[in-house]
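Comments concern the structure below.
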Amino acid sequence: MRIAMIGTGYVGLVSAACFAEFGHDVHAVDVVEERILRLRRGEIPIYEPGLKGLVQEGLRHGTLTFSTDLTAAVASAEVVFLAVGTPSRRGDGHADLRYVEAAAEDVAAHLLPGTVVVMKSTVPVGTAGRIEALMRRVNPDTPFAVASNPEFLREGSALADFRHPDRVIIGVSDAETAAVLRSVYRPLSLREIPIVVTSRESAELAKYAANAFLAMKITFINEIADLCEEVDADVQDVARGLGMDRRIGATFLHPGPGYGGSCFPKDTVALMRTAQLAGVPLRLVETAVAVNDNRKSAMASRIIEACGGSVRGRTIGVLGLTFKPNTDDMRDAPSLTILPALLDAGARIQAFDPVGMPEAARLIDGMRCCNDPYDTADGADAVVVITEWNAFRGLSLPRLRAGMRGDTLVDLRNVYRPADAEAAGFTYHGIGRGSTTAAIP
Ligand code: NAD
């Protein structure tokens, strides 16, 4: 099929490259010219494992093309995906639909009769219907359909998630549109990936419900971790025991400094606003949002406490800045709350992240950027792990400790075993590790 992908961010670019791999003809469009020029040369503006090779393959086969010319892309497409950003609106935090609306108006003016326009961006329930009405005002004469197809990929494992999703959700208002989208995803249904066909409203809400549920799961284990510290239990063991229950599942039960990233923070708040406007407040989600916000600043206090109550004049080495490993995405990363608070409290920060350094340096004033993990420990009073990159798991703890002035290790991701850290001479502070019995075989 001939597909136009509007937006070449994380979702648009991964979807475009994977649809081209499925055998479709994909024309991807962005308003940022420099991004398109780089993509045409096979350069990837984001860090996502495997994506570069896939984009280059699409370019080589001629199944994937990039331009800033939305008109040309839409005027030859059977299916147009909208994958533009839906950030938090300034003020009330609801989803800001201005990019979706602007793109939809442009698309409406140029589409072929019978085109299916698909909302891939995460948008509040009811948006597909409202966008359809907006497009019909722009172009009352050409028949077209609007569908919802929310995306569930995770940054860092986006290709695997797109190629082998748990399910594909298709929201439509008629059977012909469902058939078109089934054809788009035919390679996945051949692999027996479940395709859930439902109303546009249910599809839109399923996306927010999934993200809110996962955000609550993280928040739950974070609160259990706090309790563990007070009652001498170890959250790693509690989470293991909890996650082995198949009704619960082991994923998203890793305690840490609070969820961040490009989706959970904005999507939980947007869902909260949708529910409040509908007169059905979601109190669990509201509480998770508040608990998570507090947690990020509480982490700075925890680090200060681990340093003896003050970090004024102290040097803190930081391992990891991105909101999670395997991405360079810094959106709503806990480091953006924690590091400025430490700097304000008088600390000197020296930090390293395997791929997030350039963006982090742009966003956080006053930190020294290091070249490798050991460099962060050089002369430091304390080392803090904020993101659990695999590269940090295998570090030599004695070597890390040897370069330091102090002996404090604050492990906000429980990457290290307390006994190993203590054997290397650290005073170790993990999350939710109140128990000294963890070493019992
Ligand atoms: P992003 O900000 O990385 O990318 C959006 C892109 O759209 C940008 O490159 C921007 O220049 C482009 N754009 C904006 N207006 C345009 C227009 N009129 N024409 C062409 N291009 C335009 O966003 P993202 O992270 O890819 O997210 C996109 C949507 O997908 C959001 O709604 C998000 O919530 C959702 N989502 C994101 C993820 C994720 O992991 N990032 C996962 C699932 C769903």
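Keep in mind that the numbers below use all heavy atoms, side chains included, and drop hydrogens, waters and symmetry copies. For ligands, and for the atoms within them, numbers begin at 1 and follow the listed sequence.
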Tell me: protein heavy atom nearest atom 2 (O) of ligand 1, and distance? Arg331 NH1, 3.5 Å

Any idea which protein heavy atom is nearest atom 17 (C) of ligand 1, and the distance to it? Val31 CG1, 3.6 Å

Please identify each residue that fulfils side chain to side chain contact (heavy atoms under 4.5 Å, CB included) with Arg362, with sequence neighbours left out. Glu359

Closest to atom 28 (C) of ligand 1 (heavy atoms only, candidates Val84, Val14, Asp30) is Val84

Taking 4.0 Å as the limit for heavy-atom contacts, which would you say applies to Ala83 with ligand 1: side chain only, backbone only, both, or neither? backbone

Would you check the N or O atoms of Arg154, main chain and side chain alike, for any that come under 3.5 Å of an N or O of ligand 1? no

Are side-chain N/O atoms of Tyr259 and Arg295 paired as donor and acceptor at under 3.5 Å? no

Determine, for Arg2 against Asp25, whether the closest basic-nitrogen to carboxylate-oxygen distance falls under 4.0 angstrom. no

Here the atoms of ligand 1 under 4.0 Å from any heavy atom belonging to Val11 are 26 (O), 30 (O), 36 (N), 37 (C), 38 (C), 42 (C), 43 (C), 44 (C)

Could you tell me whether the side chains of Thr8 and Arg35 share a donor-acceptor contact shorter than 3.5 Å? yes

Ion pair Asp92/Arg89, N-O distance below 4.0 Å: yes

Show the atoms of ligand 1 that are less than 4.0 angstrom away from any heavy atom in Gly7. 7 (O), 12 (C), 20 (C), 21 (N)

Please list, chain by chain and in numerical order, all residues satisfying side chain to side chain donor-acceptor pair (under 3.5 Å) with Asn149, sequence neighbours excluded. Lys120, Tyr185

For atom 33 (C) of ligand 1, which candidate among Glu151, Lys266, Glu105 provides the closest heavy atom? Lys266

Pairing donors with acceptors under 3.5 angstrom, does anything connect the side chains of Thr122 and Glu151? no

Atom 35 (C) of ligand 1 - nearest protein heavy atom and its distance: Thr122 OG1, 3.4 Å

shortest atom 20 (C) of ligand 1-to-protein heavy-atom contact is with Ile6 CG2, 3.5 Å

Note the single closest protein heavy atom to atom 4 (O) of ligand 1, along with its residue, its atom name and the distance in Å. Gly9 CA, 3.1 Å

Counting from 1, what ligand 1 atoms have a heavy atom of Val32 closer than 4.0 Å? 11 (O)

Touching ligand 1 at all, Ser262? Heavy atoms, strictly under 4.0 Å? yes

Atom indices of ligand 1 within 4.0 angstrom of Glu155 heavy atoms, with elements: 39 (C), 40 (O), 41 (N)

Does Asp96 come within less than 4.0 Å of Arg90, counting only side-chain N to carboxylate O? no

May I ask you to say whether Arg200 pairs ionically with Glu132, meaning some side-chain N is under 4.0 Å from a carboxylate O? yes

If we number the atoms of ligand 1 from 1 as shown, the ones under 4.0 Å from a heavy atom of Leu153 are 40 (O), 42 (C)

Gly85: numbered ligand 1 atoms lying under 4.0 Å from its heavy atoms: 5 (C)

Under 3.5 Å side-chain donor-acceptor pair for Glu155 and Asn326: no

Taking the six-membered ring of Phe152, is the NZ or CZ of Arg167 close enough (under 6.0 Å from the centre) and on axis enough (within 45°)? yes

Find all atoms of ligand 1 within a distance of less than 4.0 Å from any non-hydrogen atom belonging to Arg35, and give their numbers and elements. 9 (O)

Close-contact set for ligand 1 against Thr86 heavy atoms, below 4.0 Å: 31 (C), 32 (O), 34 (O)

Nearest to atom 18 (N) of ligand 1, what protein heavy atom do you find, and at what distance? Ala103 CB, 3.7 Å

Tell me if the centroids of the rings in Phe81 and Phe19 come within less than 6.0 Å of each other. yes

